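Taking it in order: structure first as structure tokens, then the write-up.
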Amino acid sequence: MYVLGISAYYHDSAAALLHDGKIVAAAQEERFTRKKHDAGFPKYAVEYCLREAGVSLGEIEYIAFYDKPFLKFERLLETYVALAPRGFSSFRLAIPVWLREKLFLKDILLKEFKKFSPSYDWNSRLRFSEHHLSHAASAFFPSPYEEAAILTMDGVGEWATTSLAIGRGNSLEVIKEIHFPHSLGLLYSAFTYYTGFKVNSGEYKVMGLAPYGEPKYVGEIFEHLVDLKEDGSFRLNQSYFNYCTGLTMTSQRFHDLFGGPPRKSDEPLNQRHMDLAASIQKATEQIVLRLTRSIRRETGIRNLCLAGGVALNCVANGKVLSDGQFDSVWIQPAAGDAGGALGAALAVHHIHLGQARTSFGKDSMQGSYLGPAFQQSDIESRLTAIGAKFSVMKDDELFELSAAALAEGQALGWFQGRMEFGPRALGARSVLGDARSPTMQSVLNLKVKYRESFRPFAPSVLRDDVADWFELDGDSPYMLLVADVAKERRLEMTEAEQLLFGIEKLNVPRSEIPAATHVDYSARIQTVHADSNPRYHALISAFKHKTGCPVVVNTSFNVRGEPIVCTPEDAFRCFMGTEIDALAIGNCFLRKEEQAPSLRLSYESAFELD
């Protein structure tokens, strides 16, 4: 039995396909259209999923959509009515879009699916899952647990913004919810907006900026913005916000409280912005910890799953893990709306159809390598067609040459196997560097990614070596946990260095792997496993053999504002448009200096700021 899951029309559209409950394929639409956070119908993602399974849409028994648009519209109308006459400008803009595109979503979806198979009765096959149920299903059903508590936190679904579900076997029940407008995700997004970054895109920048500041405004946040209860439930004082019916996230009262108007995106960051980032990050961690501690007390359940956009806050996730309330924590790698496509399909399979789960002890996400792969012959023909110059090597030779390039300080594009599902590059569509290099972070940020210099990079470390380098002795395959670098790997700071503030801290090496160590000695860790990604494991093993270090820097294969590369052509264009030095695609190895100068591109301003 095939079940196809869809998320679309808000942001990060995606498709996911199950066969008898096993995940066959999953991908975001943006990877195919090359439009960041593409919200349109995921036509190309659906086509990919069907192609991967070798089936037509007519062979799909059920199609699952990840939320219920009528409930979302109900929330929109009730909010405007409750706050009228405020918000008329926003209402005037929103209602025509809903009436034209979103309210009658079932008809729109049926029209899209009829393009695939005009004669099939999709009306009887289409199912709608509630938004937070989709998130919870995406976290619990692929998890390694037979029983778990599932905490979902995001901006807002239909009404829910935070929810607790209990999963046992193939059953899943949402038992508690916090409703709009009280939202941890929207609180964080308000600070994202206020510090000059894009909502639903720049939240991770705020998280990365936080260690450069001091959490000076935590008191103001809890005194004026958030009423936090003992059980972790909370209410937001709406007089400080404008997202219910306005065209901005924050109100004049918010601006007065924090000392001025929102930063414009082209204005420089200053210490106040860093302190604001540190403050909302600290407040978020406190709220999340109070929620998880309350869940442990109330349920007695020893395993925790996390989903929703807030679950991509890997610093908060690391705090939850180290807090020790739960024996084990598992986070859906596609925790945002894209993962809702997978969750909706899983909800139909296990809840609606009552199909059993058959394995426990290991998650079923397959390393999140669920996107398209390319055969070696196809890679060679594609590269030849666009004029690329490359050498074809055996595996061992490729790993050795790639490891040597890293050891020489080169930036290496690494394109291998199936593309990752979710926002993180996990060693399939990655740009890699030497973690030991004190200049690699700035090189990758400024010359490859064309983005802010403060942005941190993740270390990929061989699983067997993680405890020797970090204060973590467990799995983190999806780069969703932050832990500190091991004390014995840190470098002592001089008195002068300890007095530095803000971005001045950036160029101070903090450890033996400075390119992957943030200014607070933390790191967003990916453990690399031979069973889930043998080629990436082999590369890092070759690098360790050459240098003694089992850690490389891993960042996504794209520039800021561009989706992660999907095809060999995408990878070659990004390679030629940036200062990436070498590129390994399958068993093809490319050097920048060997490429025709006429193929050079300029990616520095090719995409909008993210």
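In this text, all values refer to a predicted model and were calculated from it rather than measured experimentally.
Here the side chains of Glu380 and Phe390 are in contact, with some heavy-atom distance below 4.5 Å. Lys205 is not listed as a side-chain neighbour of Arg560, based on a closest heavy-atom distance of 4.5 Å or more. The closest side-chain heavy-atom distance from Phe32 to Pro563 is not below 4.5 Å. Within the 4.5 Å cutoff, the side chain of Thr195 has no heavy atoms near those of the Leu209 side chain. At a threshold of 4.5 Å between non-hydrogen side-chain atoms, the residues Tyr188 and Val310 do not count as touching. Taking 4.5 Å as the limit, every side-chain heavy atom of Leu426 sits out of range of all side-chain heavy atoms of Tyr536. At a threshold of 4.5 Å between non-hydrogen side-chain atoms, the residues Gln281 and Val206 do not count as touching.
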Evaluate Ile525 against Met479 for side chain to side chain contact (heavy atoms under 4.5 Å, CB included), listing each step before the verdict. CA-CA 5 Å; Ile525 299 163; Met479 207 183 287; over 6 Å; no
Evaluation steps, salt bridge (charged side-chain N to carboxylate O under 4.0 Å, His left out), between Glu400 and Lys546: CA-CA 9 Å; Glu400 177 65 24; Lys546 189 175 293 292; 2.6 Å; yes
Using the rule given for side chain to side chain contact (heavy atoms under 4.5 Å, CB included), can you reason through Ser402 versus Phe589, listing the C-alpha separation, both sets of side-chain angles and the distance that settles it, and then say yes or no? CA-CA 8 Å; Ser402 297; Phe589 192 83; 3.7 Å; yes
Residues Ser328, Tyr145; criterion side chain to side chain donor-acceptor pair (under 3.5 Å); working and verdict: CA-CA 9 Å; Ser328 185; Tyr145 313 133; 2.6 Å; yes
Would Ser368 and Glu420 satisfy side chain to side chain donor-acceptor pair (under 3.5 Å), going step by step from the backbone distance to the final call? CA-CA 5 Å; Ser368 212; Glu420 303 92 339; over 6 Å; no
I would like to know whether Ser556 and Lys449 meet side chain to side chain donor-acceptor pair (under 3.5 Å); could you show each step before the answer? CA-CA 9 Å; Ser556 55; Lys449 305 288 282 188; 2.9 Å; yes
Worked verdict on Glu562 versus Lys36 for salt bridge (charged side-chain N to carboxylate O under 4.0 Å, His left out): CA-CA 6 Å; Glu562 178 195 22; Lys36 189 79 168 177; over 6 Å; no
What do the steps show when you test Lys264 against Asp266 for salt bridge (charged side-chain N to carboxylate O under 4.0 Å, His left out), and what is the final call? CA-CA 6 Å; Lys264 295 179 180 178; Asp266 58 352; over 6 Å; no
Going through the checks in order, is the side chain to side chain donor-acceptor pair (under 3.5 Å) test met by Tyr369 and Ser532? CA-CA 8 Å; Tyr369 304 112; Ser532 59; 5.2 Å; no
Could you go through Leu306 and Leu304, starting from their C-alpha distance and side-chain angles, then the distance that decides it, and tell me whether this counts as side chain to side chain contact (heavy atoms under 4.5 Å, CB included)? CA-CA 7 Å; Leu306 298 174; Leu304 177 69; 3.9 Å; yes
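Side-chain atoms of Arg429 come within 3.5 Å of backbone atoms of Gly417 as a donor-acceptor pair (strictly under, hydrogens ignored). Glu29 places a side-chain N or O within 3.5 Å of a backbone atom of Ala45 that can act as its donor or acceptor partner. Using a distance-only test at 3.5 Å, with no hydrogens or angles considered, a donor-acceptor pair links the side chain of Ser430 to the main chain of Gly427. Of the possible polar contacts, none joining the Asp154 side chain to the Gly309 backbone as a donor-acceptor pair under 3.5 Å is found. A donor-acceptor contact shorter than 3.5 Å links the side chain of Asp570 to the backbone of Thr567. Counting only distance, with no hydrogens or angles, the side chain of Ser7 and the backbone of Ala14 share a donor-acceptor pair below 3.5 Å. Side-chain atoms of Gln416 do not come within 3.5 Å of backbone N or O of Trp414 as any donor-acceptor pair. In this structure, the side chain of Gln595 engages the main chain of Arg591 through a donor-acceptor pair within 3.5 Å. Under a 3.5 Å cut-off, the side chain of Gln332 and the backbone N or O of Ala307 do not form any donor-acceptor pair. With Asn317 contributing its side chain and Ala311 its backbone, the two residues share a donor-acceptor pair below 3.5 Å.
Of all non-hydrogen atoms in Met365 and Leu342, the two that sit nearest each other are SD-CD2, 3.7 Å. Listed here is the closest heavy atom pair of Leu398 and Ala584: CD1-CB, 4.1 Å.
Each of Asp531, Asp475, Thr527 was checked for a side-chain hydrogen bond (donor to acceptor under 3.5 Å, both in side chains) with Arg463, and the lone residue meeting it is Asp475. Applying the side-chain contact (heavy atoms from CB on, under 4.5 Å) test between Lys544 and each of Val551, Leu462, Val461 identifies Leu462 as the sole match. Exactly one of Thr578, Val553, Thr439 qualifies for a side-chain contact (heavy atoms from CB on, under 4.5 Å) with Leu444. That residue is Val553.
Atom CG of Asn558 and atom OH of Tyr603 lie 10.0 Å apart (nearest 0.5 Å). To the nearest 0.5 Å, atoms CE (Met207) and CG (Asn313) are separated by 5.5 Å.
Looking at residues two or more places apart in sequence or on another chain, you find a side-chain hydrogen bond (donor to acceptor under 3.5 Å, both in side chains) between Trp330 and Asp363. Residues that satisfy the ring pair (Phe, Tyr, Trp, His ring centres under 6.0 Å) test with His545, not counting sequence neighbours, are absent from this structure. Contacts of Phe421 classified as ring pair (Phe, Tyr, Trp, His ring centres under 6.0 Å), with partners at least two apart in sequence or in another chain: none.
Within 6.0 Å of atom CD in Glu267, more than 12 heavy atoms from other residues, nucleotides or ligands are found, so the atom counts as buried in its surroundings.
Salt bridge annotation for Arg31-Asp38: absent, with no cationic side-chain nitrogen under 4.0 angstrom from a carboxylate oxygen. For Arg382 and Glu569, the salt-bridge test passes: some basic side-chain N is under 4.0 Å from an acidic carboxylate O. Checked for salt-bridge contact, Lys592 and Glu579 miss the test: no charged N lies under 4.0 Å from a carboxylate O.
Within the structure, ring pair (Phe, Tyr, Trp, His ring centres under 6.0 Å) pairs that include any residue of residues 506-529 comprise Tyr212-His518 (at least two apart or interchain).
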Can you give each donor-acceptor pair under 3.5 Å made by side-chain atoms of residues 480-489, sequence neighbours left out, with the distance rounded to 0.1 Å?
residue: Lys487; atom: NZ; partner: Glu471; partner atom: OE2; Å: 3.0
residue: Arg489; atom: NE; partner: Asp468; partner atom: O; Å: 3.1
residue: Arg489; atom: NH1; partner: Glu512; partner atom: OE1; Å: 3.2

Would you list the atom pairs, donor with acceptor, under 3.5 Å between side chains in residues 272-280 and any protein atom, with sequence neighbours excluded?
residue: Arg272; atom: NE; partner: Phe258; partner atom: O; Å: 2.9
residue: Arg272; atom: NH2; partner: Tyr194; partner atom: OH; Å: 2.6
residue: Arg272; atom: NH2; partner: Phe258; partner atom: O; Å: 3.1
residue: His273; atom: ND1; partner: Asn270; partner atom: N; Å: 3.0
residue: His273; atom: ND1; partner: Asn270; partner atom: OD1; Å: 3.1
residue: Asp275; atom: OD1; partner: Glu214; partner atom: N; Å: 2.7
residue: Asp275; atom: OD1; partner: Gln271; partner atom: NE2; Å: 3.1
residue: Ser279; atom: OG; partner: Lys216; partner atom: N; Å: 3.2
residue: Ser279; atom: OG; partner: Tyr217; partner atom: N; Å: 2.8
residue: Ser279; atom: OG; partner: Asp275; partner atom: O; Å: 2.7

